[in-house]
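Single-structure report; data block below.
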Amino acid sequence: MAVDRRIGKTRDAIFKAFLSLMEEKSFEQITVHEIAERANVSRGTVYLHFVDKYDLLDKCVEKEMTELRDRCMGVQENLDFTSSGPLLRTAEYVEQHATVFITLINNSGIPAFRTRLHAMLMEGLAEQIDMDGVNQGMNKEMLLHFMASAAVGVMEWWITHSLPISAKKLMEDISILLERNQMGPQPLDALP
């Protein structure tokens with residue numbers, strides 16, 4: 001067990017060093033030597049845990065997304081923006097770990113984060129979306145992409161602007177927008 005704990009501590013030190021460097025400069029400018037130096041380990045130790053800095057980035061994003069999913073997304077819950085539902089918990093988690101998420105999404109070399117967030121939301125929404133009522137007859141995959149893209153876009157705006165409103169207010173506003181725009185299907189010639 002002691003070996004596993006040391007490995008975990010070393011990986012955590014490397015992740016922290018990597019994220020702190022990403023707060024200072026772009027991903028492309030960061031070297032493995034700088035990561036090792038900041039983590040107080042040898043370059044060989046970094047390479048023992050990660051193939052290269054791209055693998056480190058991938059594992060860092062994966063670690064954050066796994067933590068986000070494990071803490072926030074409840075499979076059996078209804079999609080709920082205003083109470084303690086999974087979307088509010090997701091926003092609150094991002095709010096609590098703002099530095100990490102601001103760093104990941106603001107860094108110019110990080111499309112992987114956006115892609116993973118979109119995939120996670122697609123997975124969560126797939127369980128929740130009701131294809132009866134106003135959604136009856138719609139293509140479920142298209143609807144899922146639309147909703148996940150909108151949510152990721154809003155989250156991306158929120159993160160890139162350094163969380164200008166609270167997680168609770170963000171979800172309340174999204175809920176209001178969804179309620180305002182719950183028009184039934186309309187013929188194309190009736191749209192403005």
Side-chain angles (χ1 to χ4, degrees), residues 2-73 81 86-124 145 148-174:
V3 174
D4 290 342
R5 197 175 330 201
R6 282 192 309 236
I7 290 171
K9 284 184 177 185
T10 300
R11 287 178 71 94
D12 284 346
I14 294 169
F15 282 139
K16 286 178 185 173
F18 177 61
L19 287 169
S20 73
L21 284 165
M22 284 181 50
E23 289 178 39
E24 299 169 16
K25 55 173 86 175
S26 77
F27 172 75
E28 295 303 325
Q29 295 174 322
I30 297 171
T31 66
V32 172
H33 176 75
E34 291 173 312
I35 297 165
E37 195 171 272
R38 179 83 46 106
N40 200 26
V41 297
S42 70
R43 281 182 45 175
T45 300
V46 174
Y47 286 120
L48 183 64
H49 293 273
F50 307 99
V51 174
D52 54 24
K53 72 178 188 176
Y54 297 94
D55 182 44
L56 172 56
L57 171 63
D58 190 50
K59 297 291 191 299
C60 186
V61 170
E62 184 177 316
K63 176 182 178 273
E64 291 304 322
M65 296 309 293
T66 299
E67 187 77 18
L68 183 69
R69 178 184 290 118
D70 290 349
R71 290 187 182 209
C72 303
M73 302 302 279
F81 292 91
L87 293 174
L88 176 58
R89 285 197 312 272
T90 298
E92 287 173 340
Y93 182 84
V94 170
E95 190 174 49
Q96 292 164 1
H97 299 89
T99 303
V100 170
F101 289 99
I102 289 169
T103 299
L104 285 174
I105 211 159
N106 281 341
N107 201 298
S108 60
I110 315 300
F113 177 75
R114 189 180 207 290
T115 302
R116 291 242 175 97
L117 183 58
H118 188 273
M120 185 181 86
L121 288 172
M122 287 276 296
E123 182 183 312
H145 275 280
S149 295
V152 168
V154 170
M155 290 292 282
E156 189 172 35
W157 165 84
W158 188 53
I159 293 167
T160 59
H161 288 85
S162 301
L163 291 62
I165 58 177
S166 71
K168 185 174 176 33
K169 176 71 171 144
L170 179 72
M171 290 301 125
E172 287 171 356
D173 288 353
I174 290 172

Give the minimum heavy-atom separation between Met22 and Thr103, together with the two atoms involved. CB-CG2, 3.4 Å
Parallel, tilted or perpendicular: which one describes the rings of His97 and Phe101, with boundaries at 30° and 60°? perpendicular
Walk me through it: do Asp173 and Lys169 pass the test salt bridge (Lys or Arg N to Asp or Glu O under 4.0 Å)? CA-CA 6 Å; Asp173 288 353; Lys169 176 71 171 144; 2.9 Å; yes
Taking all heavy atoms of Val41 and all of Ile14, pick out the closest pair and write down the distance. CG2-CG1, 4.2 Å
Can you name the closest pair of heavy atoms from Ser166 and Glu95 and give their distance? CA-OE2, 3.2 Å
Worked check of side chain to side chain contact (heavy atoms under 4.5 Å, CB included) between Arg116 and Asp58: CA-CA 10 Å; Arg116 291 242 175 97; Asp58 190 50; 2.6 Å; yes
Between Leu68 and Leu117, is a side chain to side chain contact (heavy atoms under 4.5 Å, CB included) present by the stated rule, with each step listed? CA-CA 10 Å; Leu68 183 69; Leu117 183 58; 4.2 Å; yes
Donor-acceptor contact below 3.5 Å, side chain Lys59 vs main chain Phe50: no
Write down the atom of Ala39, the atom of Ala13, and the distance for their closest heavy-atom approach. CB-O, 3.6 Å
Within-4.5 Å side-chain heavy-atom neighbours: Lys16 and Arg38: no
Apply side chain to side chain contact (heavy atoms under 4.5 Å, CB included) to residues Leu21 and Glu24 and explain how you reach the verdict. CA-CA 5 Å; Leu21 284 165; Glu24 299 169 16; 4.1 Å; yes
Considering non-hydrogen atoms only, spot the tightest contact between Thr10 and Thr45 and give its length. CG2-CG2, 3.6 Å
Quick one: are Glu23 and Ile102 in side-chain contact, heavy atoms under 4.5 Å? no
Taking the side chain from Lys53 and the backbone from Phe27, do they hold a donor-acceptor pair closer than 3.5 Å? yes
Between SG on residue Cys60 and CE on residue Met65, distance to nearest 0.5 Å: 12.0 Å
Test side chain to side chain contact (heavy atoms under 4.5 Å, CB included) applied to Arg69 and Tyr93, step by step: CA-CA 10 Å; Arg69 178 184 290 118; Tyr93 182 84; over 6 Å; no
Output, in order, the C-alpha distance, side-chain angles, deciding distance and verdict of salt bridge (Lys or Arg N to Asp or Glu O under 4.0 Å) for Arg5 and Asp12. CA-CA 10 Å; Arg5 197 175 330 201; Asp12 284 346; over 6 Å; no
At what distance, to the nearest 0.5 angstrom, does CG of Leu56 lie from CZ of Phe18? 4.5 Å
Enter the distance from Glu37:CD to Thr31:OG1 here, rounded to the nearest 0.5 Å. 8.5 Å
Taking all atoms of both residues into account, what is the closest heavy-atom pair of Ala91 and Met155, and its distance? CA-CE, 4.3 Å
Output yes when a side-chain donor or acceptor of Thr66 lies under 3.5 Å from a complementary backbone atom of Lys63, and no otherwise. no
The reported gap from OG1 in Thr90 to CE in Met120 (rounded to nearest 0.5 angstrom) is 5.0 Å
Supply the atom-to-atom distance Leu57 CG to Ile30 CD1, rounded to the nearest 0.5 angstrom. 9.0 Å
